[in-house]
Amino acid sequence: MKAIVCKAWGLPDTLVVEDLPDVTPGPGQVAIDVKAAGVNFPDVLIIQNKYQFKPELPFTPGSELSGVVRAVGEGVSNAKVGDKVIAFIGHGAFAQQVVVPAQAIMPIPPGMDFDTAAAITLTYGTSHHAVVDRAQLKAGETMLVLGAAGGVGLAAIEIGKALGARVIAAASSDEKLAICKEHGADVTINYSTGDLREAIKAATDGKGPDVIYDPVGGIYAEPAFRSIGWRGRYLVVGFANGEIPKLPLNLTLLKGASLVGVFWGEFAKREPKANLAAMREMMGWLAEGKIRPHISGRYALADTATALNDIAARKVTGKVVIQPEK
Ligand SMILES: NC(=O)c1ccc[n+]([C@@H]2O[C@H](COP(=O)([O-])OP(=O)(O)OC[C@H]3O[C@@H](n4cnc5c(N)ncnc54)[C@H](OP(=O)(O)O)[C@@H]3O)[C@@H](O)[C@H]2O)c1
């Protein structure tokens, strides 16, 4: 079977495709033929040793996948050969086959295709934990989403709308903002062409948003936080811009506002039951059509580096997936 291998820390072009032996599950494990693997911004960081999660070299990157069970190890009771499953793992998804612990899988809901199944766990899991659990966004409140056409951003828009909130999407191009509108954004702001503070003021009648969802950091964080509403909650989700911003703490006092950290991977590890409940709620929203994952690109296994480079270059909207059989 073929797999992407990271042999030394570096940029996506240093990844190689290798022929590896077929996988065999050990006790408590499940072997899966991978049909699709979701690509995420953290994958770009992990291969450069710039992320909080650091696998040992050499390793196969990729943390979320969908596929078909090809074999089960001793003692596995929640899966059988031929089952269609979703798995979230530390690494290993950018391959034609993978072995995962049996507790890392869940069935693909009826009617869901493999690409969608591979693309929902991390982005929707993160945004649900952020918006529902950490920010406690309520119907009728307003949420501003930065980097809104990206993976976690589009998920945050849809979750905000599913909760009955008003959602303002901010992104760097009108093309990206058109996609945000298609996914439910009520108002849009192009932060590459105008003054962000003025635009937020105009979009909220001067009151400021109740919640700000920030997966970008860098130059947008301070002007956004200065614009937040009374009792606002500012979600610190990520730093796609590369720069970790610093904020004067008096700004929290002036608005009675909170800075709220979000770390979905740790939440899922420490609070698995709460994470499962969130996933179940989102599967319900998917079935009702309230959330519609946007998959903007599909790449063959040999083109994994191109997929990662496209994400790093801000070329991607929503999610892209690797289809390892291609
Ligand atoms: N806290 C958590 O638990 C958690 C979980 C998952 C992901 N994250 C983090 O959340 C961030 C976004 O992840 P994602 O999967 O949504 O990524 P993504 O799909 O690549 O979206 C990130 C967005 O950030 C914006 N951006 C601004 N400057 C950028 C730059 N220099 N390079 C790349 N993008 C830039 C882009 O939008 P514009 O072009 O419109 O500005 C892009 O659409 C990442 O930092 C990731 O590590 C955190």
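Counting starts at 1 for both ligands and their atoms, following the listed order.
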Does either side chain, that of Asp214 or that of Tyr234, offer a donor lying less than 3.5 Å from an acceptor on the other one? yes
Please compare Gly242, Pro215, Ser127 and report which has the shortest non-hydrogen distance to atom 12 (C) of ligand 1. Pro215
Where does the angle between the aromatic ring planes of Tyr191 and Tyr220 fall among parallel (under 30°), tilted (30 to 60°) and perpendicular (over 60°)? parallel
Heavy-atom pairs closer than 4.0 Å: do any link ligand 1 to the side chain of Val152, the backbone, both, or neither? both
Looking at ligand 1, would Pro42 count as a contact under a 4.0 Å heavy-atom criterion? yes
Which ligand 1 atoms are under 4.0 Å away from a heavy-atom of Phe263? 3 (O)
Could you name the option among Ser173, Ser172, Gly153, Ala169 that has the heavy atom nearest to atom 40 (O) of ligand 1? Ser172
Out of Gly151, Ala155, Ala240, whose heavy atom is nearest to atom 19 (O) of ligand 1? Gly151
Return the orientation label for the Phe267 and His129 ring planes: parallel under 30°, perpendicular over 60°, tilted otherwise. parallel
Determine yes or no for a side-chain-to-main-chain donor-acceptor pair under 3.5 angstrom, with Lys35 supplying the side chain and Asp33 the backbone. no
Taking distance alone, with no angle check, do Asn40 and ligand 1 share an N/O pair under 3.5 Å? no
At a non-hydrogen distance cut-off of under 4.0 Å, which region of His129 contacts ligand 1 (side chain, backbone, both, or neither)? neither
May I ask whether Ala170 has any heavy atom positioned less than 4.0 angstrom from an atom of ligand 1? no
Checking contacts here: is it the side chain or the backbone of Val216 that comes within 4.0 Å of ligand 1, counting heavy atoms only? Could be both or neither. side chain
I'd like to check whether Arg314 has a polar contact with ligand 1, where a contact means an N/O of the residue lying under 3.5 Å from an N/O of the ligand. yes
May I ask you to check whether Phe239 has an N/O atom sitting below 3.5 Å from an N/O atom of ligand 1? yes
Between Glu266 and Lys269, does the salt bridge (charged side-chain N to carboxylate O under 4.0 Å, His left out) criterion hold? Intermediate values first, please. CA-CA 5 Å; Glu266 196 61 22; Lys269 205 159 69 184; 3.6 Å; yes
Ligand-side contact atoms (ligand 1) for residue partner Thr126, heavy atom cut-off under 4.0 Å: 2 (C), 3 (O), 4 (C), 5 (C), 6 (C)
How far does OG1 of Thr142 sit from CD1 of Ile200, to the nearest 0.5 angstrom? 12.0 Å
Surrounding CD of Glu288 (heavy atoms of other residues, nucleotides or ligands, distance under 6.0 Å), is the total greater than 12? yes
Ignoring hydrogens and geometry, is there a side-chain-to-backbone donor-acceptor pair from Asp113 to Asp115 under 3.5 Å? yes
Per-atom contacts of ligand 1 with Ile311, taking only distances under 4.0 Å to non-hydrogen atoms: 20 (O)
Mark up the atoms of ligand 1 that fall under 4.0 Å of a heavy atom belonging to Gly150, in ascending order. 16 (O), 19 (O), 21 (O), 43 (O)
So, does Glu243 use its side chain to make a donor-acceptor pair with the main chain of Ile219 at under 3.5 Å? no
Has ligand 1 got any nitrogen or oxygen that is less than 3.5 angstrom from a nitrogen or oxygen of Val262? yes
For Leu122, which part has a heavy atom under 4.0 Å from ligand 1: side chain, backbone, both, or neither? side chain
Ligand 1 contact on Ala313 by region, counting heavy-atom pairs under 4.0 Å: neither
Which atoms of ligand 1 have any heavy atom of Ala312 under 4.0 Å away? 32 (N), 33 (C)
Would you check, one step at a time, whether the test side-chain contact (heavy atoms from CB on, under 4.5 Å) holds for Asp210 with Arg233? CA-CA 6 Å; Asp210 301 292; Arg233 290 88 77 198; 4.0 Å; yes
Which residue and atom name correspond to the protein heavy atom nearest atom 13 (O) of ligand 1, and how close is it? Phe41 CB, 3.6 Å
Heavy-atom gap Tyr191 to ligand 1 smaller than 4.0 Å: yes
For Val237, is the nearest heavy atom under 4.0 Å from an atom of ligand 1? yes
Candidate pair Ile4 and Ile322, rule side-chain contact (heavy atoms from CB on, under 4.5 Å), full reasoning: CA-CA 11 Å; Ile4 297 294; Ile322 307 295; over 6 Å; no
Tell me, which protein residue and heavy-atom name are nearest atom 3 (O) of ligand 1, and how many Å apart are they? Trp264 N, 2.7 Å
Apply side-chain contact (heavy atoms from CB on, under 4.5 Å) to Val320 and Ser296, showing your working. CA-CA 6 Å; Val320 297; Ser296 62; 3.8 Å; yes
Apply the side-chain contact (heavy atoms from CB on, under 4.5 Å) test between Leu154 and each candidate in Lys319, Lys176, His294; give the one that qualifies. His294
